[in-house]
Each structure stands twice: as structure tokens, then as C-alpha cells.
Amino acid sequence: MKTRFLFPYWCKFLGLALILLHMPVMHLRFSGHHDFHFDRQPGDTSMFDGPHLHFIIAILLMVIGLLLVAFSREKVEDEHISQLRLDSLQWAVYLNYLVLILTAIFMTRDDFEDILWLNLWVPLAFFIIRFRWMLFRLNRSVSAEDRR
């Protein structure tokens, strides 16, 4: 994976801030203040009414935040880190499609919005979790070798 396509290291912290900002926005969604269904009334031309605008903001905060966290450089970006990043991305795609297949089998037609919502952030979340876990294991093995 070419590192020239990665965001600068500081973008990881901006992404974390956006994800944290996303949480209170989503709290409003689940507290019952807004109805977020895709159903539109005939003749409704307002794409940016209150609930829909809230939905767009929630999606953008989470997805942009996850993208920045997932694809920001590490302090030391070498070939081994690039290989871990590529392996984690492949693993995340496989796992996401497994989840998508299972949801397609077991979900009803009314759950389309939930499936769409999951498919927006689950691949990035899987990637981040696996990549961070592999970096943690790598750092732990390097520190154990240094103590010997």
C-alpha cells in the first residue's frame, strides 16, 4: 500500500474527535427526538429538513472520523506496517461481506436502513480494530525481544 495516499499523522486525532462528536448526535437520534426513516411524503422537495439534516450530519461525522482514523499515517510507517495495513484491510472486507451475507439472509425488508447504516461504518471499524490489534501484538513482541 503506497503511503502517499495516507493522511498525515495528526488526522488520526481529528478523526477521533469527529467520532466522539458523533456520539451525542446519535444520542439525539435514539432518544426519540427525530424520526429517521427514508420515507418521504409525495411532493416533499426539502432534502435538508430537520431530521434528514440530522441524519446526514450523523453519517458524515462517523464516516469521516473513521476514515481519518483508519487511513492516517503512523509515527513510523515502514514496509511491515504497510503490510499489516493491507492484510487488515483485506480481512475487514472479508468479514464485512460475511456480515452482509448474514444480514441479507436473516433480516427482513423493513431492516434495510439498519443494513445500510451498518455497511457505512462496519468495514472501517473492522479494519481499525484488526490493524490496531496487530500493531499492539507487533509492539509487544518487539518490546519482549528488547528485554532479552
* Asked: Going by heavy atoms in the side chains, are Glu77 and Ser82 under 4.5 Å from each other?
  -> yes

* Is the closest side-chain heavy-atom distance between Gln90 and Val93 below 4.5 Å? -> no

* To the nearest 0.5 Å, what is the distance between CH2 (Trp10) and CZ (Arg73)? -> 13.0 Å

* To do: Flag the pair Leu89 / Arg130 as yes when at least one side-chain heavy-atom distance between them is below 4.5 Å, and no otherwise.
  => no

* Asked: Taking side chain as C-beta onward, heavy atoms only, is Met107 less than 4.5 Å from Leu102?
  -> no

* Return the minimal non-hydrogen interatomic distance between Val63 and Leu124, and the atom names on each side. => O-CD1, 4.2 Å

* Asked: So how far is it from Ile81 CD1 to Met134 CE, rounded to the nearest 0.5 Å?
  -> 10.5 Å

* Asked: How close do Ala92 and Phe126 get, heavy atom to heavy atom, and via which atoms?
  -> CB-CB, 3.8 Å

* Asked: Leu118 and Pro123: which non-hydrogen atoms are nearest, and at how many Å?
  -> O-CD, 4.1 Å

* Residue pair Leu18 / Leu68: nearest heavy atoms and the distance that separates them -> CD1-CD1, 4.0 Å

* Asked: Using the ring of each side chain (for Trp, its six-membered ring), is Phe131 parallel, tilted or perpendicular to Phe127, with breaks at 30° and 60°?
  -> parallel

* To do: Please confirm whether Phe136 and Trp133 have ring centers closer than 6.0 angstrom.
  => yes

* Asked: Does Thr103 use its side chain to pair, donor to acceptor, with the backbone of Leu100 at less than 3.5 Å?
  -> yes

* Could Glu74 and Arg132 be called an ion pair, given the rule that one side-chain N must be under 4.0 Å from one carboxylate O? -> yes

* **Lys75 vs Tyr9 side-chain heavy atoms within contact, under 4.5 Å** => yes

* Beyond-backbone contact of Leu61 with Ile19, side-chain heavy atoms, under 4.5 angstrom -> no

